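Comments concern the structure below.
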Protein chains: 2
Amino acid sequence: MRADAQRNAEKLRAAAAELFQERGLQVPLKEIARRAGVSHGTLYNLFGTREALIDEVVTDLAAERLDAIAQQALAFEDAWDGFAYYIEKLCELQATDPAVADVVGGRYPGAERLMTVCGRTLATVERIVERARQAGTLRPDFTSADLVLILAANANLARAAAASAPHVWRRAVAFQLDGLRTEAARRPLPVGPLTPEQVYAVSGSLTRNP
Amino acid sequence: MRADAQRNAEKLRAAAAELFQERGLQVPLKEIARRAGVSHGTLYNLFGTREALIDEVVTDLAAERLDAIAQQALAFEDAWDGFAYYIEKLCELQATDPAVADVVGGRYPGAERLMTVCGRTLATVERIVERARQAGTLRPDFTSADLVLILAANANLARAAAASAPHVWRRAVAFQLDGLRTEAARRPLPVGPLTPEQVYAVSGSLTRNP
DNA sequence: AGGCAACTTGACCGCAGGGTCAACTTCCAT
DNA sequence: ATGGAAGTTGACCCTGCGGTCAAGTTGCCT
């Protein structure tokens with residue numbers, strides 16, 4: 001790869017990182033090229049697809065954030081505290097970091113590195129949930145698949161309230177967590193948990209893609 | 001108004017009602033015209049704006065649905081049961097009726113009749129919530145303004161899961177309701193309720209408009 | 001029946017986004 | 001220093017949306 005192409009790729013990566021974090025992963029590619037100061041043709045030439053660019057620019061960032069909160073959650077002595085911490089932090093990411101929110105709430109099958117990060121995260125979620133359930137504080141009918149229900153809820157509230165009430169998602173999360181303790185469980189849930197395939201399908205359209 | 005215009009208006013109203021209920025209020029106007037079998041120019045000629053069409057076609061439908069569940073909710077002996085019924089039915093509407101979902105989750109300032117329906121509904125919500133809170137079953141820190149938090153949550157889950165798990169919203173609502181009982185309340189909520197202005201702003205962008 | 005107002009039509013405009021490619025420019029190995 | 005490969009550019013195409021309007025058609029009153 002020639003030196004000037006290398007430089008352009010770097011400029012594009014930088015611009016993409018900025019815009020992805022400011023406005024989410026669906027930001028127009030031409031706008032990224034504009035901010036980088038190159039033609040959009042060059043962007044297509046160097047990266048080919050949006051997903052390839054995402055994979056290069058967003059993966060490490062998302063992995064860092066997601067792994068960090070997962071580790072901290074598991075470090076709590078109290079299993080419930082760890083669980084609640086994890087939920088809150090994940091929701092905070094959704095509210096404050098459009099790029100990570102889209103990683104969590106979208107599907108980018110072409111971004112291979114990103115997909116492995118998602119897989120790793122799912123496994124950790126399972127551990128956090130299982131630990132809290134076994135401790136007896138998390139209601140036993142809550143599955144790790146139910147996490148996407150919370151994320152679906154929060155994604156929309158965070159988006160809808162971003163301009164007018166940027167912190168109100170915390171209130172909603174508090175309500176939700178109160179409903180997840182063992183003592184809060186009243187009667188059998190009306191429907192069973194999502195299957196892994198359903199989790200995949202639903203979590204792939206949490207943030208608006210169409 | 002000439003007879004043929006009258007007929008066309010009727011065809012357009014019918015097509016609009018169908019498409020609004022199938023696909024929501026943002027369905028392309030040209031598609032409505034196509035289904036009605038007239039030129040889109042005629043649609044613009046007869047109705048002028050999307051909101052005018054909505055006002056004529058959707059208002060009565062939405063009013064009927066919303067008033068019905070509100071009345072039934074207030075008819076429950078038990079205040080909590082009425083409240084829970086209302087939440088569930090509202091969420092069911094969001095999940096099954098795209099048109100009503102968009103009425104609840106959007107803003108159509110040009111649709112005057114529709115606006116009065118919304119105002120009336122808000123007042124009834126207040127009564128349902130107040131009744132359940134005074135009965136002592138609904139946690140006292142829950143405000144009628146918090147209803148939009150639930151609706152925001154459900155709007156997105158219903159949309160995201162519509163294809164793959166069309167009933168899972170019931171599970172999420174069950175979790176949420178369990179968190180709203182007085183006994184579930186653990187500690188002060190991290191942020192206060194939305195102001196009326198914030199409710200207006202947030203509830204205006206529950207469903208995707210941009 | 002005729003004529004005019006009312007109505008309809010579809011081509012057309014503007015916008016925004018994704019994506020392609022021939023012609024031009026720049027780098028760098030020889 | 002120079003020629004050819006590598007890279008860049010921006011005009012161009014396509015799609016789909018909202019919206020307008022001159023020209024043509026139709027209903028209805030006289």
Side-chain angles (χ1 to χ4, degrees), chain A residues 1-16 18-20 22-58 98-99 102 106-111 205 207-210, chain B residues 1-16 18-20 22-58 98-99 102 106-111 205 207-210:
Chain A
M1 190 184 230
R2 241 165 59 178
D4 54 343
Q6 199 79 52
R7 256 179 285 127
N8 282 336
E10 208 38 67
K11 280 193 278 185
L12 282 165
R13 269 187 280 263
E18 277 179 37
L19 280 167
F20 283 154
E22 285 169 22
R23 317 216 328 241
L25 300 185
Q26 11 58 35
V27 78
L29 292 183
K30 289 188 182 176
E31 201 157 328
I32 294 176
R34 205 178 311 136
R35 181 169 302 192
V38 304
S39 157
H40 65 273
T42 299
L43 191 158
Y44 284 104
N45 180 29
L46 292 177
F47 294 94
T49 69
R50 160 179 250 107
E51 287 186 0
L53 184 56
I54 289 175
D55 209 21
E56 284 201 32
V57 159
V58 171
D102 282 345
R107 197 88 312 149
Y108 304 91
S205 53
T207 52
R208 60 189 181 327
N209 3 343
Chain B
M1 190 182 231
R2 238 166 61 178
D4 55 343
Q6 199 78 50
R7 257 179 285 127
N8 283 336
E10 208 37 66
K11 282 193 276 185
L12 282 165
R13 269 187 281 263
E18 276 179 38
L19 281 166
F20 283 154
E22 284 169 23
R23 317 219 326 244
L25 300 185
Q26 10 58 38
V27 78
L29 292 184
K30 290 188 183 179
E31 202 157 326
I32 293 176
R34 205 179 311 138
R35 181 169 302 193
V38 304
S39 156
H40 64 273
T42 300
L43 191 157
Y44 284 104
N45 180 30
L46 292 177
F47 295 95
T49 68
R50 160 179 250 106
E51 287 185 0
L53 185 55
I54 289 174
D55 209 19
E56 284 201 32
V57 158
V58 171
D102 283 345
R107 197 86 314 148
Y108 305 90
S205 52
T207 53
R208 61 197 184 319
N209 7 342

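Numbers restart at 1 for each chain; the letters A, B, ... are given by sequence-line order, proteins then strands. The model shown is predicted, which means the values in this text are computed figures rather than measured ones.
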Touch class at under 4.0 angstrom, heavy-atom based, for B:Asn45 against every strand present: base
Side chains of A:Leu53 and A:Ile32 in contact at under 4.5 Å (non-hydrogen atoms): yes
Rounded to whole Å, how long is the line connecting atom [atom1] of [X] with atom [atom2] of [N]?
{"X": "A:Glu51", "N": "C:dG19", "atom1": "CD", "atom2": "P", "result": "10 Å"}
{"X": "A:Leu25", "N": "C:dG17", "atom1": "CG", "atom2": "C1'", "result": "17 Å"}
{"X": "A:Leu46", "N": "D:dT9", "atom1": "CG", "atom2": "P", "result": "10 Å"}
{"X": "A:Arg34", "N": "D:dT8", "atom1": "CZ", "atom2": "P", "result": "19 Å"}
{"X": "B:Glu10", "N": "C:dT8", "atom1": "CD", "atom2": "P", "result": "13 Å"}
{"X": "A:Leu43", "N": "D:dG10", "atom1": "CG", "atom2": "P", "result": "14 Å"}
{"X": "A:Gln6", "N": "D:dG7", "atom1": "CD", "atom2": "C1'", "result": "13 Å"}
{"X": "A:Lys11", "N": "D:dG7", "atom1": "NZ", "atom2": "P", "result": "15 Å"}

Spatial distance of atom NE2 (A:His40) from atom CG (A:Leu12) [nearest 0.5 Å]: 12.0 Å
Atom pair CD (B:Gln26) and CZ (B:Phe20), whose distance is rounded to the nearest 0.5 Å: 9.0 Å
B:Asn8 side chain near C:dT8 phosphate (N/O to OP1/OP2, under 4.0 Å): yes
Exercise: identify the closest heavy-atom pair between [X] and [Y]:
{"X": "B:Glu31", "Y": "B:Leu19", "value": "O-CD1, 3.8 Å"}
{"X": "B:Leu43", "Y": "B:Ala33", "value": "CD1-N, 4.0 Å"}
{"X": "B:Ala111", "Y": "B:Glu51", "value": "N-OE1, 3.7 Å"}
{"X": "A:Arg35", "Y": "A:Glu22", "value": "NH1-OE2, 3.0 Å"}

Comparing A:Val38 and B:Val27 on DNA chain D - which has the more 5′ nearest nucleotide: A:Val38
Pull out every protein N or O sitting under 3.5 Å from an N or O of nucleotides 14-16 of chain C, one pair per line with the distance.
none

Electrostatic pair A:Arg13-A:Glu10, nearest N-O below 4.0 angstrom: yes
Backbone of B:Pro98 reached by a side-chain donor or acceptor of B:Arg23 within 3.5 Å: no
Contact letters for nucleotides 19-30 of chain D, in which S counts primed atoms plus P, OP1 and OP2 and B counts the base, heavy atoms under 4.0 Å: BB-----BSS--
